[in-house]
Amino acid sequence: MERKIRLFLSVGALVLFSCASHPEGGISFGGSSSLSPSSEEAPSTSEESFLPSSLPPVEGHLDQILQTPVYLGSLSASFPFTTYFFDEAFDVPYVDAKSFFPTFWNQAFQRDAFAEEEGKVYNKDNGASVSFSSALDRISFSDFDLFFSASSLPIPDDILGAANDPLSRLNKGESSFYPRGAFTFSLQNYGAEILTYQGREYVPFAYMETLGFLPFSTRFSFNGEAYYWMEDSLLSLPNGRLSEYGSSFYNGPYSKISHRGEDFCSYFYFSFLFQMDFFYGKRAELKCSDLDGQIEKMGLKSSLLSASARVADEALAKTIAGLFGDGGHTAFLHRGAMVPRSSTYDSDLQSLIYSSDYRYYRKANRARELLRKRGGLKSYESSGNTAVIRFDSFALNSTAQSPSKDNVASDGVSTFALFYNSFRKIRQNPNIENVVFDVTLNGGGYATALAQALSFLSDDPIKITVQNPMNGSYFREAADFDNDFDGDYSDGDSYQGQYKFYILTSEYSFSCANAFPCIAKEYGLATIIGENSGGGDCAVGYGLAADGSLWQMSGPRKLVHSDLTSFDSGAGVDYALADDCFYDAAKLDEALFSLK
């Protein structure tokens, strides 16, 4: 049988791993036990009915099986997992696809969620299943959302909730979930093949991680001999030095590689594209046919495929900053395991990301300095017919007492209390016609606080829509607020129609401070003035390259408009204003008068 041409071409990493012959024919890496391929007889399996199988499966040549530990954030907490290496690609870890969820996933989350029975991998609570086709290089879920659900319904996490802010009186309205149902991921365009050996299917680890772990804010990275749960706080001490756990990860076999093999280069690059496309939804966001072409236009593809780990990591940071990054949520947290340790290297990569957005930070810092000289950011001020409510985050107060007018009046933390107390002042001033909500120095915050703020602008239930870029399903949640504490959630507790609302935005207005004007504009609640807001899809999603490079950016649960279009390009302004009037209530009053 003639095999398909592989994107993983060759490997030269084996000699760099301090290998030793195994009595049964396997090869062991330092500290790992090796099993002979012939010592594991795998049962034969059959394809699921929703996967066509007209093509023959792609047989891989199994070179090595390793029993590798999986560390759960501590070197004293681990479980064993079997890793496979095919076709002399000794730096590319493969996993048994059908055992991945019942073993690795179940043990990582300490849940008995998945099982394999007669060649079928399924959710034990609801029967949703996943199948793997080596012939077509496809991973197909009967229902992607239901497969990862802990119930018989594919119910996602709640968006809104008052549990962390007892001051507000929130009543959950009607919520709707719009599942995608059956969904298939094709690996053909992402540099990977699903290989078979003795009737079992095998997939490179990074692709399975994108599907099974990243959506749950969980990340594992392989360093040549073990898998490590990857968190910035686990890898580093407060003083910036590596922890014992971090040192173990960065001193593994991958750290001995001075020249990355072509197999790993392809694995690193194409699994990154797969993650950007499905986990972050960047292909749809950029409205392009493929991400590979976009990276090639930037001149970074050859560097990302470089045999030098340092060159590839630097290109990764540049790609994240220049093509995928979104300002305030974007940060490069840790280098890859193959990059030599340097006291300044991680900060150097971070500076590559920040440089593209530095003018926003510099401009915001100048504004803060100006306000400091004037006595600081005043949360409320008025001039003429205009009141201004300024706030630099969407905040909750988890230590607040139970909801009451007195408790809200004395709270100095939450956005809800700021709005409630500011409108008490506004009602006492008969000259006020305009209310400006200044988010020019606001970098974001909590979605619940965002909904609380919107509830002062609208008598209708506040609706928040979140989309999963992995498969396009989305969840819409509605909530009413009892802002006058009379126990009635339907009596119109906002100030809609009583004042003209304006939202003052800048390039620095990010995340929830970007969603605030986007939602208000969509529902006709306010006029947007100032500069276009800075973007950000609200939720932070942590990403991980195949070598362990760790970063963060917006995603994967994206706040979107009701028609599912993105917030990421900003709200746009109805009226542009020069920034010299942003922090002067009298000038703002004059500017708004001129708009009449």
E231 and R219: salt bridge (Lys or Arg N to Asp or Glu O under 4.0 Å), yes or no, with the steps? CA-CA 8 Å; E231 298 281 353; R219 295 154 298 283; 2.6 Å; yes
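- Taking the six-membered ring for Trp and thresholds of 30 and 60 degrees, Y267 and F264 have ring planes more than 60 degrees apart, a perpendicular arrangement.
- Y71 and Y228 have their aromatic ring centers within a separation under 6.0 angstrom.
- In this structure, F249 has its ring center at least 6.0 angstrom away from the ring center of Y254.
- Taking the centre of each ring, F100 and F213 come in below the 6.0 Å mark.
- In summary, the aromatic rings of F270 and Y190 are positioned with their centroids too far apart to meet the 6.0 Å limit.
- Aromatic ring centres of F114 and W105: separated by under 6.0 Å.
- Ring to ring, F416 and F481 are not that close: their centroids are 6.0 angstrom or more apart.
- With no hydrogens or angles considered, no side-chain donor-acceptor pair links E201 and S134 at under 3.5 Å.
- In this structure, W229 has its ring center closer than 6.0 angstrom to the ring center of F220.
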Would D292 and K301 count as a salt bridge (Lys or Arg N to Asp or Glu O under 4.0 Å) here? Give the steps. CA-CA 8 Å; D292 178 64; K301 180 176 179 178; 3.0 Å; yes
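- Between the side chains of T83 and T68, at least one donor-acceptor pair of N or O atoms lies under 3.5 Å.
- Under the 6.0 Å distance and 45° angle rule, R260 counts as a cation-pi partner of F268.
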Assess the residue pair K120 and E117 against the criterion (salt bridge (Lys or Arg N to Asp or Glu O under 4.0 Å)); give the C-alpha distance rounded to whole Å, side-chain angles, the decisive distance to 0.1 Å, and a yes or no. CA-CA 5 Å; K120 177 182 178 181; E117 186 176 323; over 6 Å; no
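- Using a 3.5 Å distance cut-off with no hydrogens or angles, the side chains of N442 and S509 do not pair a donor with an acceptor.
- With ring centers used as reference points, F185 lies under 6.0 Å from F278.
- We find the CG-CG distance between L450 and L559 to be 7.0 Å, quoted to the nearest 0.5 Å.
- Between R283 and D290 there is no salt bridge, since no side-chain N of the basic residue sits under 4.0 Å from a carboxylate O of the acidic one.
- Both the sub-6.0 Å distance and the 45° axial angle are satisfied by R335 relative to the ring of Y250.
- Ring pair F148/F141 is tilted by interplanar angle, where 30° to 60° counts as tilted.
- Salt-bridge check for E522 with K463: failed, with every basic side-chain N at 4.0 Å or more from each acidic carboxylate O.
- Under the 6.0 Å cut-off for aromatic ring centres, F86 and Y94 qualify, their centroids lying closer than that.
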